[in-house]
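I have placed the structure first, in the form of structure tokens, so that the comments after it can refer back to it.
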Amino acid sequence: QVELVESGGGSVQAGGSLRLSCVASGYTYTRDCMAWFRQAPGKEREGVAHWEGIGSTSYADSVKGRFTISQGNAKDTLYLHMNSLKPEDSAMYYCAAAIPCLVAMNRRLSPYEYNYWGQGTQVTVSS
């Protein structure tokens, strides 16, 4: 059974940094089709960053230059490095996987392309 478990959320002041982690287990396919999403209260879930291998990443315009997605050497952990955090980054952050990985390039940040989700980790940025 596929399981995704996020951690690393917390409360920080604007300008601070956090690193989110997502540990994946329960399947033997390549882990190279994963993404981070976020959802603030009253808003739709939005894609933040997509990972499909080294050199194949996508970011939402709102986080480009501030967030970096990466994968651990063992390929069982996905990270989201978040720098220069803003209050508008406050949300529940979710890790997602598309298994099998059949996500079109222009759909990488669409939540409808992902069929496995973690429970989320809360990020709160204060001004």
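Both backbone and side-chain heavy atoms feed into the values below; hydrogens, waters and symmetry mates do not.
- Counting only heavy atoms from C-beta outward, the side chains of Met82 and Trp36 never approach each other to under 4.5 Å.
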- Task: Take His50 and Cys33, measure what side-chain contact (heavy atoms from CB on, under 4.5 Å) needs, and give me the verdict at the end.
- Result: CA-CA 7 Å; His50 169 95; Cys33 204; 4.1 Å; yes
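- Side-chain contact check for Ser7 versus Thr121: every heavy-atom pair is 4.5 Å or farther apart.
- Considering only heavy atoms from C-beta on, Tyr112 stays 4.5 Å or farther from Val103 through its side chain.
- Listed here is the closest heavy atom pair of Gly118 and Tyr94: O-CD2, 3.6 Å.
- Leu85 is connected to Leu80 through a chain of hydrophobic side-chain contacts under 4.5 Å among Ile, Leu, Val, Met, Phe, Trp and Tyr, so both are in one cluster.
- Note that OG of Ser127 is 9.0 Å distant from CD of Gln13, once rounded to the nearest 0.5 Å.
- Annotation: the span from Ser110 atom OG to Glu46 atom CD amounts to 12.5 Å, rounded to 0.5 Å.
- Using a 30° and 60° split on the angle between ring planes, Tyr114 and Phe37 fall in the perpendicular class, above 60°.
- Considering every non-hydrogen atom in both Met34 and Cys95, the closest pair reads CE-SG, 3.6 Å.
- Nearest heavy atoms, Ser126 versus Pro87: C-CG, 4.4 Å.
- Glu6 places a side-chain N or O within 3.5 Å of a backbone atom of Gln119 that can act as its donor or acceptor partner.
- In the hydrophobic clustering of ILVMFWY residues, with side-chain heavy atoms under 4.5 Å counting as a link, Ile99 and Leu78 come out together.
- Of all heavy-atom pairs spanning Asp89 and Arg38, the tightest one is OD1-NH1, 2.9 Å.
- For the atom pair CZ (Arg107) and CG (Leu102), the distance works out to 13.0 Å, reported to the nearest 0.5 Å.
- A distance of 7.0 Å separates OG in Ser58 from CE in Met105, rounded to the nearest 0.5 Å.
- Within the 4.5 Å cutoff, side-chain heavy atoms of Thr68 are placed close to those of Tyr59.
- Hydrophobic clustering (side-chain heavy atoms under 4.5 Å, transitive across Ile, Leu, Val, Met, Phe, Trp, Tyr) groups Tyr116 together with Leu20.
- Judged by distance alone, with hydrogens and angles left aside, the side-chain atoms of Thr124 form no donor-acceptor pair with the main-chain N or O of Ser90 at under 3.5 Å.
- The side-chain contact (heavy atoms from CB on, under 4.5 Å) test applied to Arg19 returns Ser21, Tyr79, His81, not counting sequence neighbours.
- Residues Val12 and Tyr93 fall within the same hydrophobic cluster, defined by Ile, Leu, Val, Met, Phe, Trp and Tyr side chains chained together at heavy-atom separations under 4.5 Å.
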- Pair Asp61-Lys64, salt bridge (Lys or Arg N to Asp or Glu O under 4.0 Å): steps then yes or no: CA-CA 5 Å; Asp61 289 342; Lys64 281 180 182 177; 3.1 Å; yes
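- Between Val123 and Gly9, the shortest heavy-atom distance links the atoms CG2-CA, 4.2 Å.
- The hydrophobic clustering, which links ILVMFWY residues whose side-chain heavy atoms are closer than 4.5 Å, places Trp51 and Phe67 together.
- Within 6.0 Å of atom CD in Glu88, more than 12 heavy atoms from other residues, nucleotides or ligands are found, so the atom counts as buried in its surroundings.
- Taking every heavy atom of both residues into account, Ala97 and Leu4 meet most closely at N-CD1, 3.8 Å.
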